[in-house]
Each structure stands twice: as C-alpha cells, then as structure tokens.
Amino acid sequence: MRILVTGGAGYIGSVSVEAFLAAGHDVTVLDDLSTGHREAVSEGAALEIATYTDAASVAHLLRRRRIDAVLHCAAKSLVGESMVDPAKYFRANVAGGIALLDGMRDAGVNRIVFSSTAATYGLPERTPITESDPIRPINAYGETKRSVEGAIRWYGHAYGLRSVILRYFNAAGASTRNGEQHAPETHLIPNVLAAAEQGRELTIFGGDYPTPDGTCVRAYIHVEDLAAAHLLALQATDPADSRTGATAGTAGTAGTAGALACEPLICNLGSGTGFSNREIATAAEKIVGHPIAVKIGPPRVGDPPVLVAGAQRAAEVLLWQPRHGTIEEIIESAWKWRRSHPNGYSG
Ligand code: UDP
C-alpha cells in the first residue's frame, strides 16, 4: 500500500510509520512539525512538511504520491488546552479534518483510518466501555473528535468513504527508535518519569474522585500495539473487504457516481485493565528503582474519573492482539527510551 500518515512526525504517528515500513509499505508523512519532530520520521519514509488543513494541497499531494489510504493521526490533543482554547481545537481538528476529507474526495482516495479517542465517551455509564455506548464528550477535545467521526460516517454513506475509527485509551510506552516528547508535557507517564529523573515531586491532578484511591483511572496501551492496530485497520479498508464495505442493499445518495454507502468500523483500543494515577506512580517506582514523591493537586478541568475499555471488537474483527500487555512493560519501554535519548529528539 501507498500510505499517507498525517502527524507522522508525532508520537503515535512515528511509531506507526515504523510498523508500516517494516511491513513493506510505501509511506509518506504529512506533518507541519508544529508539535512533531523531524528526527522521529524513519529514513525510509518521505516527509512532506505542510499542513493537512488545506484541501487543494492535500489533493495535490495524494495524486503526486499516488496514495491508496490515509492514517489521520495529526490533531491537537490536549484536554486541558482544549478547555481554555476550544477555537484552536475546532479549527485544527474539525475544520482541518474536513479539509483533509475533501482533499481525499477530490483525489479519489476513499480509505481512511482515523485516530479517535476514549474522550468521546465522556462520563461512561458503565465500565468497561463498549463501542455502542453513548458518545457524550465532556471536554472540547473529545467533542472535536466526535465531530470528525460524524463527518467520516456521513462521507461513508454519501461518497463511499471506507473507514476505521479507532478510539484510543491512553497511548504510552516507546519503540526503540521513537518515544513521547511533548512541550509542554501533560501526559502522566512521561511526567512521572521526568519527576523520577529530576528528583522532583509529581503532581497528581485530583485525589477526590469516586475511584478506589480517589485518583483518576485510565487504561494504557503500548504505542507499538496501536501501530499494529493501525496496519490491520488500513487493511480492513481495502475495496474488497466487507468489514468497511457497503451495508447490504444500500447505495450512495449523493456524491461519487455509483458509490456504495459504507459504514465506519469503530473499535476501542483498550487493555481492559484500568490503573489509577497513584498506581502508575507506584509501578514507575519499581522500574526506576527509587521512590517518587507524589502530591495531590487540584483536579484538571475536563477529566473523567474513569476511562477503561476492552478491545473485544478489535480482537474479533481486526484480529488485533496487543503484545505488550503489562503496565510494567509499557513504563519500562518509555523509561528505556528516555535513558537512550537524554536530550530527547534534539540531542
Ligand atoms: N495526570 C496527572 N499528572 C500529570 C499528568 C496527568 O495527575 O502530570 C493525570 C490526568 O489528570 C489524568 C491522567 O493522569 O487523570 C491521565 O492523563 P493524561 O494527560 O496522561 O491522558 P488523558 O487521559 O488526559 O488522555
């Protein structure tokens, strides 16, 4: 396949690019390097430094590189920031996402895998969450992802866009080559490890949630397992594959002549097991080999108390089996990457 990865210089995108290259695919990365890192893009991939938010230039690129399918990872993705600056999130994620979809229509590329999020579920009614549970985001970030999911669905019905929507539950860990480096860093595991490295206190946001130890509970997935899921998902968008194909007896009502109505395949990518923020700090202490001081700060606006899902549908339909199961493995890989990149990507 000839695959375009938006956000391929970012954390999840760069590890996915590694997986696609290893499987023998041709990879183009589209990234404006606003938050991504040039060094994160594997040598075998072509890097286009540009935005995905301009339909005409996306269409041009898709034609020039003769792209078959798109993995759309690029987005603004910080819950806290989305609450203080929702305009930035709607512009980049929603308006930008629609531009990408329109560029794809223009170029006749009708296969997409979309990086979505557990944040679309909001305050879940039950745990673990399943894909058919209600989608009621409680933060602007989750709302933007829900909006793009909706657009993809209707583009599938009207224009025959084949899609897999993957709702991630907290990506973490690292490959040997690529790891997590954001500025500012807001994610828990890198912040725990940074606190351990620098001998400073970790602040846990909120200690009064309705959870066993009062801190939020999340499920963590190794980023290499997400990359593997992306590859399986791209394969499921093949024109001959019924998993993302036409729903029986339906035909497109508008758009591409003869297009059949397609329904997105939506899969949670979770581990089934939640860990509280305190448990993550304790697990990290074992990996780094010394205590990590923890203090409880005020809760972060927009944080649901618990986000946990299994991956039954991904296992059954995509045949996805996570290989890096334990939280220790996940934290250890992140720790190893930090030790081997003491100055991050710029070092
Ligand atoms: N968190 C924390 N301290 C930090 C960073 C995160 O207590 O320095 C908490 C955050 O409030 C949430 C959990 O860790 O309860 C996971 O947050 P993260 O930003 O890693 O991922 P999210 O679940 O928001 O996607």
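Below, each value reflects all heavy atoms present in this structure, side chains not excepted, and no hydrogens, waters or symmetry copies.
Both tests do not hold together for Arg300 against Phe205: distance to the six-membered ring centre under 6.0 Å, angle to the ring axis within 45°.
For the pair Asn277 and Thr215, the tightest heavy-atom approach, listed with the atom from each and the gap, is N-OG1, 3.3 Å. Counting all heavy atoms, side chain and backbone alike, Pro299 lies closest to Tyr209 at CB-OH, 3.3 Å. Nearest heavy-atom pair, Pro264 versus Ile165, reported as atom, atom and distance to 0.1 Å: CB-CD1, 3.8 Å. Minimum heavy-atom separation, Glu279 to Gly274: OE1-O, 4.2 Å. The two residues His290 and Ala196 have their closest heavy-atom pair at CE1-O, 3.4 Å. Here the shortest heavy-atom pairing between Gly302 and Ile138 reads O-CD1, 3.8 Å.
Ion pairing of Arg162 with Asp238 is absent here, as no side-chain N (NZ or NE/NH1/NH2) approaches a carboxylate O to less than 4.0 Å. Taking a cutoff of 4.0 Å between a charged side-chain nitrogen and a carboxylate oxygen, Lys76 and Glu81 do not qualify as a salt bridge. With respect to Glu18 and Arg177, no salt bridge is recorded, no charged nitrogen being found less than 4.0 Å from a carboxylate O.
His72 pairs by the ring-ring contact (aromatic ring centres under 6.0 Å, His included) definition with Tyr52, Phe114, not counting sequence neighbours. Scanning for ring-ring contact (aromatic ring centres under 6.0 Å, His included) contacts around Trp320 gives an empty result, with sequence neighbours left out. Partners of Ser116 by side chain to side chain donor-acceptor pair (under 3.5 Å), not counting sequence neighbours, listed by chain and number: Glu149. Applying the ring-ring contact (aromatic ring centres under 6.0 Å, His included) criterion to Tyr168, with sequence neighbours excluded, gives His230. Scored by the ring-ring contact (aromatic ring centres under 6.0 Å, His included) test, His60 finds no partners at all (sequence neighbours excluded).
Without hydrogens or angle criteria, Asp31 side chain to Ala9 main chain gives a donor-acceptor distance under 3.5 Å. Checking side-chain atoms of Arg136 against main-chain N and O of Gly122 turns up no donor-acceptor pair under 3.5 Å. In this structure, Thr127 contributes its side chain and Val308 its backbone to no donor-acceptor pair below 3.5 Å. Listed for the His37 side chain is a donor-acceptor partner under 3.5 Å among the backbone atoms of Gln181. The backbone N or O of Ala236 sits less than 3.5 Å from a side-chain atom of Thr244, completing a donor-acceptor pair. Judged by distance alone, with hydrogens and angles left aside, the side-chain atoms of Ser163 form no donor-acceptor pair with the main-chain N or O of Val113 at under 3.5 Å. Remark: the backbone N or O of Leu30 is not paired with any side-chain donor or acceptor of Glu48 at under 3.5 angstrom. The backbone N or O of Ser77 sits nowhere less than 3.5 Å from a side-chain atom of Lys145 that would complete a donor-acceptor pair. Formation of a donor-acceptor pair under 3.5 Å by the Asp68 side chain with backbone atoms of Met1 is not found in this model.
Within the 4.5 Å cutoff, the side chain of Glu43 has no heavy atoms near those of the Leu21 side chain. Within the 4.5 Å cutoff, no side-chain heavy atoms of Pro124 are placed close to those of Asp133. Within the 4.5 Å cutoff, the side chain of Ile189 has no heavy atoms near those of the Glu180 side chain.
The stretch residues 206-231 participates, sequence neighbours left out, in these salt bridge (charged side-chain N to carboxylate O under 4.0 Å, His left out) pairs: Arg218-Asp303.
Note on Ile112 and Tyr159: same hydrophobic cluster, where clusters join Ile, Leu, Val, Met, Phe, Trp and Tyr whose side-chain heavy atoms are under 4.5 Å apart, directly or indirectly. Connection of Leu61 to Val17 is not established within any shared hydrophobic cluster, with ILVMFWY side chains joined at heavy-atom distances below 4.5 Å, either directly or through further cluster members. Note on Val164 and Leu101: separate hydrophobic clusters, where clusters join Ile, Leu, Val, Met, Phe, Trp and Tyr whose side-chain heavy atoms are under 4.5 Å apart, directly or indirectly. Each of Tyr141 and Phe90 belongs to its own hydrophobic cluster when Ile, Leu, Val, Met, Phe, Trp and Tyr are linked at side-chain heavy-atom distances under 4.5 angstrom. Grouping the Ile, Leu, Val, Met, Phe, Trp and Tyr side chains by contacts below 4.5 angstrom, directly or via other members, places Ile204 apart from Val217.
Taking a 6.0 Å sphere around CZ of Arg66, one finds it holds 12 or fewer heavy atoms contributed by other residues, nucleotides or ligands. Around CZ of Arg63, the count of heavy atoms belonging to other residues, nucleotides or ligands within 6.0 Å exceeds 12. Remark: Arg338 CZ is packed, more than 12 non-hydrogen atoms of other residues, nucleotides or ligands lying under 6.0 Å away.
Using bins of under 30°, 30° to 60° and over 60° for the plane-to-plane angle, the ring pair Tyr345/Trp337 lands in the tilted bin.
Defined by atom type and a distance below 3.5 Å, a donor-acceptor pair is missing between the side-chain atoms of His222 and Glu329. Looking only at atom types and distance, the side chain of Tyr155 has no donor-acceptor partner in the side chain of Asn110 under 3.5 Å away. Under the 3.5 Å distance criterion, with hydrogens and angles disregarded, a donor-acceptor pair is assigned to the side chains of Thr53 and Thr51.
Between the CZ atom in Arg2 and the CG atom in Leu62 there is a gap of 11.5 Å [rounded to 0.5 Å]. To the nearest 0.5 angstrom, Thr117 atom OG1 is 10.0 Å from Asn268 atom CG. Atom CZ of Arg313 sits about 4.0 Å away from atom CD of Glu131, to the nearest 0.5 Å. Ser271 contributes atom OG, which lies 13.5 Å from atom NE2 of His324 (distance to the nearest 0.5 angstrom). Note that CD1 of Ile152 is 8.5 Å distant from CG of Leu100, once rounded to the nearest 0.5 Å. Distance check, rounded to the nearest 0.5 Å: CE of Met83 to OH of Tyr89 gives 11.5 Å.
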